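This report refers to the structure that appears directly beneath it.
It should be emphasised that the depicted structure is a prediction, and the values quoted were computed from it without experimental measurement.
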Amino acid sequence: MRLISPRPPTKASISASSTQSDVIDSRQSHDSDRTVSQTSGSGSTGTDDSERTIAGRVDSQDSTVSDGENADPRCTRQNSVSSVSQSLREWDIPYDDLDRGEVIGRGRFGIVYSGNWHGQVAIKELRMDYVNDEKTLEAFKAEVSTFRKTRHENLVLFMGACMKPPRLAIVTSLCKGMTLYKHIHVLKDKFNMSRTILIAQQISQGMGYLHARGIVHKDLKTKNIFLESGKVVITDFGLFNVTRLCHDSRRGNWLSIPPGWLCYLSPEVMRNLRVIQKQDDGLPFTTYSDVYCFGTVWYELLCGEWPHKGLPPEAIIWQVGRGMKPSLAHLQASRDVKDILMACWSYRPDERPEFSTMLNSLTRLPKKRLHRSPSHPIHLSRSAESVL
């Protein structure tokens with residue numbers, strides 16, 4: 001899909017990224033870089049989303065390891081980068097040690113292969129052909145450093161990374177289920193309310209853990225959520241900045257938009273879209289924008305389709321940027337279910353609930369869907385079998 005030089009929908013611009021980055025960095029500084037966790041299991045495939053997309057500014061990770069007492073900022077920065085590199089050595093996997101198998105997915109960041117490294121793994125090989133300087137390589141390592149801190153049953157297991165150019169890759173456990181996207185949009189599976197709530201609860205648990213660790217997903221969508229025998233596994237968290245490293249330059253005055261991607265963007269992110277994204281321009285992804293993404297996933301689970309269905313990209317950008325929400329008149333669900341959706345889609349970022357709050361709201365929902373038409377009473381007829 002090609003979008004030609006769209007005019008920004010509004011002059012207002014909300015930028016929460018700098019404040020949130022400070023929160024993320026301050027939380028990351030408390031994690032010990034010397035802790036080694038034994039890992040095993042199975043993990044994640046990529047998606048078939050191969051179109052190019054907008055990429056954000058590489059967030060600075062210099063404060064991940066802080067000496068604090070050093071008066072010279074340049075020395076502090078050098079020490080931080082050096083410490084990150086040293087701590088990542090224990091996670092470095094020589095590329096030749098990987099037994100690479102068939103292609104199982106393609107994403108904005110590169111190609112995903114099945115493989116073997118002390119068991120079945122997924123190998124996300126990155127398109128970073130232009131990496132020829134130490135600064136860019138250190139930026140990649142800083143991004144990878146966030147992955148090693150995650151251990152949760154609803155998150156894909158990070159096992160290591162290949163960090164020697166030109167073969168850069170991220171190795172995770174291999175997810176053996178299907179994505180929520182395939183269930184909803186390809187197979188057209190219909191989930192009852194009990195299963196819908198259970199899936200949403202597990203997503204909230206995994207995302208709440210990420211936020212507690214100071215990590216913003218930045219690309220939460222049904223293509224990055226797997227179902228494995230009823231268990232939710234969230235993948236590709238934090239890879240949006242890796243995408244920025246992979247696609248450092250673009251040509252032309254046009255912008256490629258993957259199908260459905262706009263529906264996950266919050267108003268403050270939408271208003272910062274540019275046809276030509278400058279080197280230092282960042283999209284304001286925050287924990288609040290992650291909650292907005294969850295709202296769209298919740299909508300997909302309930303309705304079996306994306307919001308703003310049938311609208312061209314220009315209309316979606318204009319409506320979301322101005323805070324306009326799709327009508328829920330066709331959604332046959334209780335008021336509590338719709339209230340969760342509207343709270344996630346709040347125009348003001350600080351009015352969106354945290355995932356811990358959302359988890360409590362989901363727990364209180366009734367497990368049976370009440371089919372109710374907006375203009376007609378409930379149909380009370382029953383079949384003979386149901387009466388017996």
Taking every non-hydrogen atom, the tightest pair across Val216 and Thr287
CG2-N, 4.0 Å
How far does CG of Asp97 sit from CG of Asp92, to the nearest 0.5 angstrom?
9.5 Å
Is the number of heavy atoms from other residues, nucleotides or ligands under 6.0 Å of Lys164 NZ greater than 12?
no
So among Trp298, Tyr288, Tyr209, Phe294, which one has a ring pair (Phe, Tyr, Trp, His ring centres under 6.0 Å) with Phe355?
Phe294
On a heavy-atom basis, which atom in His217 and which in Asn224 lie closest, and how many Å separate them?
CE1-ND2, 4.1 Å
Would you say Phe226 and Lys231 make side-chain contact, with heavy atoms under 4.5 Å?
no
Flag side-chain contact, heavy atom, 4.5 Å: Val112 against Val103
no
How long is the gap from OG1 on Thr196 to CG on Leu365, to the nearest 0.5 Å?
10.5 Å
On a heavy-atom basis, which atom in Pro366 and which in Met193 lie closest, and how many Å separate them?
O-CG, 3.7 Å
Side chain to side chain contact (heavy atoms under 4.5 Å, CB included) for Phe147 and Thr172? Distances and angles first, verdict last.
CA-CA 10 Å; Phe147 305 150; Thr172 69; over 6 Å; no
For Ile340 and Leu362 the tightest heavy-atom approach is CD1-CD2, 3.8 Å
Hey, any chance Leu98 and Ile111 share a hydrophobic cluster, counting ILVMFWY side chains that come within less than 4.5 Å of each other, even indirectly?
yes
Distance from Ile184 atom CD1 to Cys303 atom SG, nearest 0.5 Å?
10.0 Å
My understanding is that only residues two or more places apart in sequence, or in another chain, count here; which of them pass side-chain contact (heavy atoms from CB on, under 4.5 Å) with Arg167?
Tyr95, Arg100, Glu125
Show the nearest heavy-atom pair for residues Cys263 and Pro307, with the distance to one decimal.
SG-O, 3.2 Å
With a 4.5 Å limit on heavy-atom distance, are the side chains of His152 and Gln205 in contact?
yes
Looking only at side chains, do Lys325 and Gln319 share a donor and an acceptor under 3.5 Å apart?
no
Report the C-alpha separation of Ile225 and Thr179 in whole Å, then their side-chain angles, then the decisive distance to 0.1 Å, and conclude whether the side chain to side chain contact (heavy atoms under 4.5 Å, CB included) test is met.
CA-CA 5 Å; Ile225 302 171; Thr179 63; over 6 Å; no
Closest heavy-atom pair and its distance - Leu265, Val320:
O-CG1, 3.5 Å
Residues two or more places apart in sequence or in another chain: which of them pass side-chain contact (heavy atoms from CB on, under 4.5 Å) with Asp339?
Arg335, Asp336
Heavy-atom check, side chain of Leu210 versus side chain of Arg213, under 4.5 Å
no
Could you check whether Phe158 and Trp91 have their ring centres less than 6.0 Å apart?
yes
Can you tell me how far CG of Leu157 sits from OG1 of Thr150, rounded to the nearest 0.5 angstrom?
7.5 Å
Side chains of Pro267 and Trp345 in contact at under 4.5 Å (non-hydrogen atoms):
no
Quick check on the hydrophobic clustering: are Ile197 and Met342 connected, directly or via other members, by side-chain heavy-atom contacts under 4.5 Å?
yes
Between Trp117 and Asp99, does the side chain to side chain contact (heavy atoms under 4.5 Å, CB included) criterion hold? Intermediate values first, please.
CA-CA 7 Å; Trp117 185 71; Asp99 183 11; over 6 Å; no
Hey, do the aromatic rings of Tyr264 and Tyr292 have their centres closer than 6.0 Å?
no
In terms of hydrophobic clustering (I, L, V, M, F, W, Y; side-chain heavy atoms under 4.5 Å; direct or indirect links), are Leu359 and Val297 co-clustered?
no
Any link between Met358 and Leu331 through a network of hydrophobic side chains (Ile, Leu, Val, Met, Phe, Trp, Tyr) touching at under 4.5 Å?
yes
Within-4.5 Å side-chain heavy-atom neighbours: Leu227 and Arg195:
yes
Identify, with sequence neighbours excluded, every residue that meets side-chain contact (heavy atoms from CB on, under 4.5 Å) alongside Asn360.
Arg364
Starting from the C-alpha separation in whole Å, work towards a yes-or-no answer on side chain to side chain contact (heavy atoms under 4.5 Å, CB included) for Cys344 and Val291.
CA-CA 6 Å; Cys344 293; Val291 173; 4.0 Å; yes
Partner set under side-chain hydrogen bond (donor to acceptor under 3.5 Å, both in side chains) for His183, not counting sequence neighbours:
Asp189
With sequence neighbours excluded, tell me which residues meet side-chain hydrogen bond (donor to acceptor under 3.5 Å, both in side chains) with Ser204.
none
Would you sort out whether Lys221 and Asp236 count as a salt bridge (Lys or Arg N to Asp or Glu O under 4.0 Å), showing the intermediate values?
CA-CA 10 Å; Lys221 57 186 179 182; Asp236 290 358; over 6 Å; no
We want to know whether Glu102 and Ser114 form a side-chain donor-acceptor pair, criterion being a heavy-atom distance below 3.5 angstrom.
no
Going from OG on Ser229 to NZ on Lys176, what distance comes out if it is rounded to the nearest 0.5 angstrom?
10.0 Å
Atom CD1 in Ile199, atom OG1 in Thr222: separation rounded to 0.5 Å?
11.0 Å
ring-ring contact (aromatic ring centres under 6.0 Å, His included) against His185, all qualifying residues, sequence neighbours excluded
Tyr181, Trp306
Ile104 vs Tyr113 side-chain heavy atoms within contact, under 4.5 Å:
no
Leu198: which residues meet the side-chain contact (heavy atoms from CB on, under 4.5 Å) condition with it, sequence neighbours left out?
Gln201, Gln202
Please enumerate all residues that pass salt bridge (charged side-chain N to carboxylate O under 4.0 Å, His left out) together with Glu305, with sequence neighbours excluded.
Lys309
Among pairs that include at least one residue of residues 349-360, which meet salt bridge (Lys or Arg N to Asp or Glu O under 4.0 Å), considering only residues two or more places apart or in two chains?
Glu268-Arg352, Arg348-Asp350, Arg348-Glu351
Does any non-hydrogen side-chain atom of Ile317 lie less than 4.5 Å from one of Leu262?
yes
